[in-house]
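Structure first, commentary second.
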Amino acid sequence: MSMYQVKPVSPDIKIDLPTCMYKLPNIHTRQENSCSSDHALQNGDVDPAVRALEVRQDEIMRKLYELKAAVEGLAKTVTTPDADLDVTVSSSLSSQSSSCDIFKATKNLDALLGKDLGALRDIVINANPAQPPLTLLVLHNLLCQHYRVLSTVHVHSSVSSVPPQLLSCLGPKHADSYARHMFQLGFTLIWKNVPKLEMKFSVRNMCPIEGEANVARFLFKLLAPYPSDPAVATLVDSWVDTAFYQLADGSAKERAAVLRALGSALGRGPWLCGTEFSLADIACYCCLSQNGSTSATAANVQRWIKSCENLGHFGPAKLLLK
């Protein structure tokens, strides 16, 4: 017989223990809540507080960009002699592709012009509305196809009125025109009573370039390099000068001589300076169209005019001639 005997407890006897001593937190519920939160974050949900902070930050950054654009625009106006601008009419941004091979190798602006600390490089052009610069409108159209251009038209107080087509010659206003940091070039055309067209590039330095021919040369070099062959480069420059000084402003005898020279040159190739479209073609086409001499030209000159128009670069200039 065993030394220890355990007496069974009668089923009628109840043992009450103090339950308050044995209460534990509901571990399973807490774990379930934690798992549910982790699952929500894994599914891509964002804490509403974090989302609110992000929205607030985006709004602050947008306002800062607007303020920066306003300050830069004010600084530009104050440091420019043309501060008394009356009307701001249009801005445009275009990203179309060019149809001409010569413009496909457009270089980086930093490589062409050197690095600039500003948001964008400003090109400010003063032009007389009595003599609209058709070549600059063509080159502006080409620049918009290769760079992000913020284009604006202003009217100076020295001009009493400007035709509507001149006010919209650079295209419609872009929705992001307030954000200067989004653009590479600023193209500002000011209709002003000036005897000769002038351009100021980089307003801080205030280095003017006078004459439509010289401004056209500067703008064209932002699109394509001049021919490496000195003879061809000289030929291009010669045609540009001929276009502006003889075809546009010359006597009837001088214009007739230029038309004969055009016919002779175009009998040797599709373009004025050989096999490639160049600034010479832009200048001669615009000056020929502006003085209304396109109808009385030789057959090969007529073919060249059609070839220029088929490129699609001369649309803005043709609108002003209607």
Side-chain angles (χ1 to χ4, degrees), residues 20 22-80 82-83 85-98 106-124 140-154 167-168 170-190 200-205 222:
C20 62
Y22 300 95
K23 283 187 177 180
L24 297 174
N26 194 334
I27 299 175
H28 300 288
T29 303
R30 183 176 297 177
Q31 289 178 343
E32 289 176 359
N33 291 338
S34 176
C35 292
S36 176
S37 177
D38 293 342
H39 180 69
L41 292 176
Q42 290 174 0
N43 286 342
D45 295 339
V46 180
D47 191 329
V50 176
R51 170 57 62 188
L53 286 174
E54 291 178 349
V55 172
R56 183 181 178 188
Q57 182 181 7
D58 292 342
E59 181 66 15
I60 291 173
M61 293 301 297
R62 185 185 68 81
K63 291 182 178 179
L64 285 175
Y65 281 131
E66 290 180 358
L67 181 61
K68 180 181 178 182
V71 170
E72 289 177 344
L74 181 60
K76 171 184 170 182
T77 304
V78 171
T79 57
T80 306
D82 309 300
L85 305 178
D86 300 324
V87 183
T88 299
V89 182
S90 65
S91 302
S92 66
L93 176 68
S94 172
S95 59
Q96 301 175 2
S97 59
S98 174
T106 304
K107 296 181 179 179
N108 183 281
L109 283 177
D110 287 341
L112 289 170
L113 304 172
K115 291 187 176 182
D116 195 294
L117 300 178
L120 78 167
R121 295 170 171 84
D122 281 301
I123 295 172
V124 181
H140 167 265
N141 184 41
L142 288 168
L143 287 171
C144 288
Q145 295 174 18
H146 293 85
Y147 301 107
R148 299 186 302 277
V149 182
L150 175 61
S151 307
T152 311
V153 176
H154 297 287
L167 297 179
S168 59
L170 297 187
K173 184 177 181 179
H174 193 271
D176 296 324
S177 59
Y178 68 89
R180 285 169 60 86
H181 65 281
M182 295 179 60
F183 301 87
Q184 296 172 286
L185 283 174
F187 195 101
T188 302
L189 177 59
I190 303 172
K200 297 164 186 172
F201 173 74
S202 183
V203 179
R204 300 182 189 88
N205 298 329
L222 299 181

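When the side-chain hydrogen bond (donor to acceptor under 3.5 Å, both in side chains) test is applied to Glu59, the partners found at least two apart in sequence or on another chain are Arg62.
Here the CG atom belonging to Leu143 is positioned 13.5 Å from the CZ atom belonging to Arg148, to the nearest 0.5 angstrom. Annotation: the span from Met182 atom CE to Leu150 atom CG amounts to 10.5 Å, rounded to 0.5 Å. To the nearest 0.5 angstrom, Leu53 atom CG is 10.5 Å from Arg51 atom CZ.
The side-chain contact (heavy atoms from CB on, under 4.5 Å) with Ile123 is formed by just one residue from the set Val149, Thr188, Leu185; it is Leu185.
Heavy atoms only, all atoms of each residue included: Leu142 and His146 are closest at O-ND1, 3.0 Å. Between Leu222 and Tyr147 the shortest heavy-atom distance is O-OH, 2.6 Å.
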